[in-house]
Amino acid sequence: MSQPTATRKHTALPKARTLIEALPWLTRHHGKTVVVKFGGNAMVDDELKAAFAQDVVFLRHAGLRPVVVHGGGPQISAQLDRHGLVSEFKAGLRVTTDDAMDVVRMVLAGQVQRELVGLLNRHGPLAVGMTGEDAHLMSATKHFAEIDGERVDIGRVGQITEIDTGAVRALLDDGRIPVVSSIARSADDGHVYNVNADTAAAALAVALGAETLMVLTDVEGLYADWPNSDEVISKLTASQLEKLLPELASGMVPKMEGCLYAVRHGVTTARVLDGRVPHSILLEIFTDEGIGTMVLPDGTVIDDKGNDGDKGEDQ
Ligand SMILES: Nc1ncnc2c1ncn2[C@@H]1O[C@H](COP(=O)(O)OP(=O)(O)O)[C@@H](O)[C@H]1O
Ligand SMILES: CC(=O)N[C@@H](CCC(=O)OP(=O)(O)O)C(=O)O
């Protein structure tokens, strides 16, 4: 019998290279908890939402423990509008009247969460939806906004006082994917509170001892000089971010405050990603590229090339 003279050229070989590129990241993140916040502004179309669900299921099958916290600001505003209620934001937070609270809860828990759970569960019996009310996941007291040194009443907006991670951990241990709406049970008056989803995601990441907080939004990352320039800050330390905070506007305020809180309380990296890019989660976690903005704890050395102790180190 004759021996083959040359190795056959397999057209699928680049796919193997892509898979192998992911190996160090698979090793690094195995068994780690990742809190992924999916912002309402990033839920642009059905295709993107389906790609988001695929990525999260991929993380789960790759041995990570993903937890989804979702937003829905634009969806809430649209529904309020249909009810003839106006949307007003103060210090980046929705002024939430009792009537608006009913709408917030209906849209987040009844629409956005249900849709994401449905998309994830196309891939198997994985996702379980919950709000902060379930099993005392998130308790809150009334939050007052601070504007120009004044304490301003913004209605039923909550400040998280306690997180009971028991139910989320039980779901993760059972191989499920918790999908959390940012509504908290009230620790002071028996009702519920509206919590900004970035704030909720950061608090949950800390309480779970997550390795990564990933925030998907509708911009490429944190712009150094928004809205004048599209230069994205690729990496910064907690202290560098703290200095920038007073210059930030609108939705970026709770987002970056959340990232800062997370890395100051044990989360290894907090990242802001462009949710409009299909499969941005996989690109960020499993490739050498790294997209968006990464916030690292103080003490991480970032050199001129933007290298640090994360991407590229293990190669
Ligand atoms: N420095 C900045 N870099 C990027 N975006 C910024 C910045 N400052 C303010 N923004 C605004 O913050 C928005 C993202 O926050 P938000 O609208 O709350 O999104 P999400 O629904 O994803 O939470 C961006 O679309 C942009 O308009
Ligand atoms: C208090 C407060 O502002 N809550 C937010 C909750 C939803 C949210 O945060 O959604 P995004 O992540 O899409 O912005 C709101 O009512 O819009």
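Whatever order the structure lists ligands and atoms in, that order sets their numbers, starting from 1. Residue numbers run from 1 in the order of the sequence given.
Residues passing the salt bridge (charged side-chain N to carboxylate O under 4.0 Å, His left out) test with Glu88, sequence neighbours excluded: Lys90.
A donor atom on one side chain and an acceptor atom on the other are not found under 3.5 Å apart for Thr96 and Arg94.
The protein heavy-atom contact nearest to atom 16 (O) of ligand 2 is Arg94 NE, 2.7 Å. Of all protein heavy atoms, the one lying nearest to atom 12 (O) of ligand 2 is Lys37 NZ, 2.4 Å. Protein heavy atom nearest atom 5 (C) of ligand 2, with residue, atom name and distance: Asn194 OD1, 3.7 Å. Atom 13 (O) of ligand 2 has its closest protein heavy atom at Gly40 N, 2.8 Å.
Within the 4.0 Å heavy-atom shell around ligand 2 one does not find Gly251.
Near ligand 1, residues Lys37, Gly39, Gly40, Asn41, Asp198, Leu216, Thr217, Asp218, Val219, Gly221, Leu222, Tyr223, Trp226, Leu248, Ala249, Ser250, Gly251, Met252, Lys255 each place a heavy atom inside the 4.0 Å sphere around the ligand atoms.
Those atoms of ligand 2 that come under 4.0 Å of a heavy atom in Ala197, given as number and element, are 8 (C), 9 (O), 12 (O). Listed by number with element, the atoms of ligand 2 under 4.0 angstrom from any heavy atom of Val195 are 4 (N), 6 (C). Ligand 2 places these atoms under 4.0 Å from at least one heavy atom of Gly73: 10 (O), 11 (P), 13 (O), 17 (O).
Each ring-ring contact (aromatic ring centres under 6.0 Å, His included) pair with one or both residues in residues 77-100, not counting sequence neighbours, would appear here, but there are none.
Only the side chain of Ile76 comes within 4.0 Å of ligand 2, judged by heavy-atom distances.
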Item to check | Step-by-step side-chain contact (heavy atoms from CB on, under 4.5 Å) determination, Val67 to Ile177 | outcome: CA-CA 6 Å; Val67 176; Ile177 302 172; over 6 Å; no

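A salt bridge does not link Asp134 with Arg185: every distance from a Lys NZ or Arg NE/NH1/NH2 to an Asp or Glu carboxylate oxygen is 4.0 Å or more.
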Expected list for residues 199-218: side-chain donor-acceptor pairs under 3.5 angstrom, two or more places apart:
unit_1 : atom_1 : unit_2 : atom_2 : d
Thr199 : OG1    : Asn196 : OD1    : 3.3
Glu211 : OE1    : His29  : ND1    : 2.7

